[in-house]
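All of these numbers come straight from a predicted model, not from anything done at the bench. Atoms within each ligand, like the ligands themselves, are counted from 1 in listed order.
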Amino acid sequence: AAKEAGKGKYVVFDPVFLQAFNERVHLEKNLRQALTRGEFTIHYQPQLGVRDGHICGFEALIRWNSPELGYVSPLSFIKIAEDSRLIVPIGEWVLEESCAFAKRLEDDGFGMYKIAVNISVVQLLEEDFVSKVLRILQQTGLAPECLELEITESMIMETVDSLVPKLNELKAFGIQIALDDFGTGYSSLGSLKQMPITTLKVDRTFIEHLPEQDDSRSLAKAIVLIGRKMGLQVVAEGVETEQQMQHVRRAKCDIIQGYYISKPLPEAGIRELLRSYRPQMI
Ligand code: C2E
Ligand code: MG
Ligand code: MG
Ligand code: MG
C-alpha cells in the first residue's frame with residue numbers, strides 16, 4: 001500500500017506499521033500485569049575491582065519471563081515501560097529487591113557489596129524519587145554508600161538542568177551515581193563536569209573492538225583518562241576476553257564488568273560464585 005501511494009505520502013493503514021503497533025499494544029497489555037503476576041526476576045552481574053581482584057559489587061538487571069510471550073529482553077520492553085510510565089512501579093520494585101538482595105548477602109556473612117541499579121529518567125523526574133530511595137534504604141537497612149544509581153548518558157542530557165539538584169541531594173546522602181553507556185550520548189566535557197556523578201561506565205562499544213583496532217584502543221584509553229582526571233571511578237562494561245581485560249587494566253580502569261568475569265546470575269548463582277571465588281591478581 002505504501003508503494004502505491006508514492007514517495008512522501010502518509011499512509012495510516014500500512015500493514016507493517018499496523019502489525020508493529022499491534023505488537024506494541026499487546027506487549028504493553030502483558031507488561032501491565034507482569035508485576036502483580038510476579039513475572040519479573042532480577043539477575044546480578046558481578047563487578048571486579050582491578051586493584052585487588054575482588055568482586056566489589058553487582059549490577060541488577062531485570063528479567064521478564066512472560067507466560068504468553070516467553071522471555072522478553074529489557075532492550076525491547078524498557079522503552080515501552082517508560083512511555084506508559086509502568087517503569088515507575090517496575091523500577092521501584094527493582095530497587096527494593098536489589099537493596100534487599102545486597103543486605104541479605106551482608107547479613108549472611110558474604111560481606112558488603114555495592115549494588116548498582118538502572119534508573120530511568122522517568123523515575124528520576126518523579127517528585128518523590130529521593131524520598132522513595134531513602135525509604136527503601138531505611139526499610140532494607142542497606143547503607144547508602146552501597147547503592148549506586150545508574151543513569152544512561154543519552155537520557156540524562158536532555159533533562160540535565162532539572163536533575164542536577166536531585167542528583168546532588170542523593171549524592172549528599174552517600175548514594176553513588178553512575179553515568180551508564182558513556183560515550184554513546186552527546187554530552188560535552190563541559191556538561192560532564194557539571195554532573196554530580198561518582199562513576200563513569202564506559203560503553204561496551206568501546207571495549208568490543210579491543211584489541212584488534214588501534215583507534216578503539218586509544219579511544220577507550222582516552223575515555224578512561226577523562227574519567228580518572230575528573231576523579232570518577234571508571235567501570236568498563238562488556239569485557240568478554242582476557243585480552244580486552246588486559247587492555248582496560250592497562251588503561252587504568254577501576255572496575256571490570258562483563259561475560260569474562262561472569263554473566264548476570266540469579267541470587268543462588270551469585271552465592272555459589274562468592275563461596276568458591278578466590279581473588280585473582282589480574
Ligand atoms: P546496561 O545497563 O548497559 O546493562 C548492560 C547490558 O549488557 C546487560 O544487558 C548485560 O546483560 C549485558 N552484558 C553484560 N556483560 C556483557 C558482555 O560481556 N558482553 C555483552 N555482549 N553484553 C554484556 P541486558 O540485561 O539485556 O540489559 C539491557 C539494558 O536494559 C541495560 O543496559 C539497561 O539499560 C536496561 N535495563 C536492564 N534492567 C533494567 C532495570 O531494572 N531498569 C531500567 N530502567 N533499565 C534496565
Ligand atoms: Mg546499566
Ligand atoms: Mg551500561
Ligand atoms: Mg550498555
Problem - Residues K114 and E148 bridged, charged N to O under 4.0 Å - result: yes
Handout entry: Close-contact set for ligand 1 against L75 heavy atoms, below 4.0 Å
Key = 28 (C), 29 (C)
Problem - More than 12 heavy atoms from other groups under 6.0 Å of CD on Q194 - result: yes
Handout entry: Geometric N/O contact Q123 with ligand 1, under 3.5 angstrom
Key = no
Handout entry: Which N, O or S atom of E59 lies nearest to the Mg ion (ligand 2), by name
Key = OE2
Handout entry: Distance-only donor-acceptor check, side chains Q257 and K201, under 3.5 Å
Key = yes
Handout entry: Region of R204 that comes within reach of ligand 1 [heavy atoms, distance under 4.0 Å]
Key = side chain
Problem - E150 OE1 and N118 OD1 subtending at the Mg ion (ligand 2) (10° steps) - result: 90°
Problem - For ligand 1, the portion of V94 having any non-hydrogen atom under 4.0 Å away - result: side chain
Exercise for the section: Return yes if some donor-acceptor pair links the side-chain N/O of E153 with the main-chain N/O of G183 below 3.5 Å, else return no. Expected result: yes
Problem - Any N, O or S atom of E237 closer than 2.8 Å to the Mg ion (ligand 3) - result: yes
Practice task
Examine the proximity of ligand 1 to N118 and report which part, side chain or backbone, both or neither, has a heavy atom under 4.0 Å away.
Solution key: both
Handout entry: Per-residue contact class, V117 against ligand 1 - non-hydrogen pairs under 4.0 Å
Key = neither
Exercise for the section: Can you establish whether the number of heavy atoms outside K221 located under 6.0 Å from its atom NZ is more than 12? Expected result: no
Exercise for the section: May I ask you to list the atoms of ligand 1 that are less than 4.0 angstrom from any heavy atom of Q45? Expected result: 14 (C), 15 (N)
Practice task
Say whether Q233 and T198, considering side chains only, have a donor N or O and an acceptor N or O under 3.5 Å apart.
Solution key: no
Practice task
Check whether the side chains of S84 and E28 place a donor and an acceptor atom closer than 3.5 Å, and report yes or no.
Solution key: no
Practice task
Considering the heavy atoms of I62, write down every atom of ligand 1 situated less than 4.0 Å from one of them.
Solution key: 38 (N), 39 (C), 40 (C), 41 (O)
Exercise for the section: Please check if any side-chain donor atom of N30 sits under 3.5 Å from a side-chain acceptor atom of E39, or the reverse. Expected result: no
Problem - Interfacing atoms of ligand 1 (cut-off 4.0 Å, heavy-atom, D180) - result: 1 (P), 2 (O), 3 (O)
Practice task
Determine whether the side chain, the backbone, both or neither of D181 has a heavy atom under 4.0 Å from any heavy atom of ligand 1.
Solution key: side chain
Handout entry: Under-4.0 Å heavy-atom contact with ligand 1, by part of R63 that carries it
Key = side chain
Practice task
Check whether any heavy atom of G91 sits under 4.0 Å from an atom of ligand 1.
Solution key: no
Practice task
Run the salt-bridge test on R104 and E97 with the 4.0 Å N-O cut-off and return the result as yes or no.
Solution key: no
Problem - Side-chain donor/acceptor of D203 to backbone N/O of T205, under 3.5 Å - result: yes
Handout entry: Location of contacts on Q257 toward ligand 1, heavy atoms closer than 4.0 Å
Key = neither
Completion exercise
ligand 1 atoms nearer than 4.0 angstrom to some heavy atom of G258 are 15 (N), 18 (O)
Handout entry: NZ/NE/NH1/NH2 to OD/OE distance under 4.0 Å, E106 and K103
Key = yes
Problem - Distance-only polar pair, side chains of Y44 and E267, donor-acceptor under 3.5 Å - result: no
Practice task
Could you see which bit of K263 sits under 4.0 Å from ligand 1, with heavy atoms only: side chain, backbone, both or neither?
Solution key: neither
Exercise for the section: Closest by any non-hydrogen atom to atom 5 (C) of ligand 1: pick that one out of E150, E240, E237. Expected result: E237
Problem - Angle, OD1 of D181 through the Mg ion (ligand 3) to OD1 of D180 - 10° precision - result: 90°
Handout entry: Atoms in ligand 1 with a heavy atom of P264 nearer than 4.0 Å
Key = 11 (O)
Exercise for the section: Check the side chains of Q246 and E242 for a donor-acceptor pair under 3.5 angstrom, ignoring hydrogens and angles. Expected result: yes
